[in-house]
Amino acid sequence: MVIHKTFNSLADTLHSRRQRLTSLIDFPAILWSGSISPRNFPANHFPFRASSHFLYFAGLPLPNAAIRLETGKLELFMDDPQPSSALWYGKMPTRDEIAQKIGADAARPMTELESWLEGAATIANQDAATWTQQSQLLNRWVLPQNPPQGIDLELVKAIITLRLTHDAEALVELRKAAAVTVAAHKAGMAATANAKLEAEVRAAMEGVIIAHNMTTSYNSIVTVHGEVLHNEQYHHPIQAGDLLLADVGAETEMGWAADVTRTWPVSGKFSSTQRDIYNVVLAAHDVCIAKICPGVEYGDIHLLAAAVVAEGLVDLGILQGKPQDLVEMDAHALFFPHGIGHLLGLDVHDMEDLGDLAGYEEGRLRSDRFGLGYLRLNRPLRPGMLVTIEPGFYQVPAILNDINLRSKYQKIVNWERLSQFADVRGIRIEDDVLVTTEGSEILTDALPNKANAVEDLLGC
């Protein structure tokens, strides 16, 4: 069916995105949204999350749908809801109603998709049922774990070009996600004084996100064991003297993400050792954000963070040597092993389903160095990019007790001095930073991060 369009803000934005895609490729592209996955019986399913590449051009999180893009036109393929579904889910919008909302040029049932596949490129969906369907219909393997080839690779590069920087509609959504995330963190801090378990703080934070009809953009990290970088356990008791690290972000209804981390003392006041390390991490955070502007290499931002962390640890007597020499020998990575941040957009680690094609400038490869191997973004910054800045300090037993690392850095680390910081398991401070034409804007700036301001928020 051909759709007679009426334009709205969403439809206009989607139209603009596919027009820009047309300037980059001269072949059709088909993007699948993904399917709903059952948990243990068909009617009990996991929450659905549409493919971000589909969302970028279709706007709405439609399950079991596909779009075909060619010469600036969008054709929607999806089935109308079954009449029997009204009993369980109420009246659902029809295919034509959805097509009108997103400004589609045509709307067809899924059974017709097979007739429109010739010469089309695609991107592998993360959902197994969907990438199996993609492979069968296109008569070639389309697998998330395989690097794209041929026209699929050309499509990937074109979409990366578009999604590396954010248009006005995207920024509206990203600001919404940031604002709700800030509110969630403040709620978590307020709940800490009366919480017995990490789970109670998590509940307070995610409750704010749910109350805004959003979801989390990743599995929340709310833990007194901040040395476990992706800790998704919430059963630990909260005890006096602990630091609580909360890495929690909201995702809007249309899929746009925020990603923020704060670390605070559960008793309301940092100990002297906790404050010392916290201020080292904060110094790295602040210096890196101050450096952000168009043309600056993100890899240099990471090295700057490493140098500031190294210098701070030398000043505290934990590391011994010249900071720059310590960075060159990756000594900082004993305590700051990950990269300074990543792209942020429709995914919390935006476009990382594409491997390093999005994060790394063409021709660049990941380093095998201990201090650089986890750098997720290695490109010059451009206006419209949204990145995270998230330095940290962690005492990871698997690193500090590694016999080879212990031997290599035996004379670099003052192990006796380090033992005096036993109450600092992990600290991370993370904000979402938009690159502007003149410098940067911190979208999450409304959430304080200075040590005294964090203590004031805790109100203990």
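This one's a predicted model, so the numbers in the text were calculated from it and none came from an experiment.
Applying the side-chain hydrogen bond (donor to acceptor under 3.5 Å, both in side chains) rule to pairs touching residues 325-334 yields Asp330-Arg369, sequence neighbours excluded. Residue pairs meeting the ring-ring contact (aromatic ring centres under 6.0 Å, His included) criterion with at least one member in residues 133-178, sequence neighbours excluded: His166-Trp256. The salt bridge (charged side-chain N to carboxylate O under 4.0 Å, His left out) analysis of residues 59-78, with sequence neighbours excluded, yields the pairs Arg68-Glu70, Arg68-Glu75, Glu75-Arg108. Residue pairs that meet the salt bridge (charged side-chain N to carboxylate O under 4.0 Å, His left out) test with at least one member in residues 201-218, sequence neighbours left out, are Arg202-Glu206. A salt bridge (charged side-chain N to carboxylate O under 4.0 Å, His left out) check over residues 370-379, counting only residues at least two apart or in different chains, returns the pairs Glu352-Arg376, Glu361-Arg379. Contacts classified as salt bridge (charged side-chain N to carboxylate O under 4.0 Å, His left out) and involving residues 32-55 (residues at least two apart or in different chains) are given here: Arg49-Glu251, Arg49-Asp347.
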Worked check of side-chain contact (heavy atoms from CB on, under 4.5 Å) between Leu143 and Trp131: CA-CA 6 Å; Leu143 302 173; Trp131 62 249; 3.2 Å; yes
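A salt bridge is absent between Asp300 and Lys291: the closest approach of a Lys/Arg side-chain nitrogen to an acidic carboxylate oxygen does not fall below 4.0 angstrom.
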List, one per line, each side-chain donor-acceptor pair under 3.5 Å for residues 115-124, sequence neighbours excluded.
residue, atom, partner, partner atom, Å
Thr122, OG1, Ile30, O, 2.6
Thr122, OG1, Gln134, NE2, 3.1

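Legend: residues meeting side-chain contact (heavy atoms from CB on, under 4.5 Å) with Ser37, ordered by chain and number and at least two apart, are Phe46, Asp127. In this view, Val260 and Thr181, His185, Arg262, Asp432, Thr444, Leu447 satisfy the side-chain contact (heavy atoms from CB on, under 4.5 Å) rule, not counting sequence neighbours. Partners of Glu441 according to the side-chain contact (heavy atoms from CB on, under 4.5 Å) rule, which considers only residues two or more places apart in sequence or in another chain, are Arg175, Leu434, Thr436, Leu443. For Asp402, the side-chain contact (heavy atoms from CB on, under 4.5 Å) test picks out Asn404, Leu405, with sequence neighbours left out. With sequence neighbours left out, the ring-ring contact (aromatic ring centres under 6.0 Å, His included) criterion links His285 to no other residue.
With hydrogens and angles disregarded, no donor-acceptor distance shorter than 3.5 Å links the side chain of Glu112 to the backbone of Phe77. Judged by distance alone, with hydrogens and angles left aside, the side-chain atoms of Asp105 form a donor-acceptor pair with the main-chain N or O of Leu74 at under 3.5 Å. Of the possible polar contacts, none joining the His302 side chain to the Tyr298 backbone as a donor-acceptor pair under 3.5 Å is found. Side chain of Ser51 to main chain of His53: a donor-acceptor pair is present (N/O by atom type, distance under 3.5 Å, no hydrogens or angles).
Side chain to side chain, Glu390 and His342 meet the donor-acceptor criterion of an N or O pair below 3.5 Å. Side-chain polar atoms of Arg366 and Tyr374 form no donor-acceptor pair below 3.5 angstrom. For the residue pair Asp259/His349, the side-chain donor-acceptor check at 3.5 Å is not satisfied.
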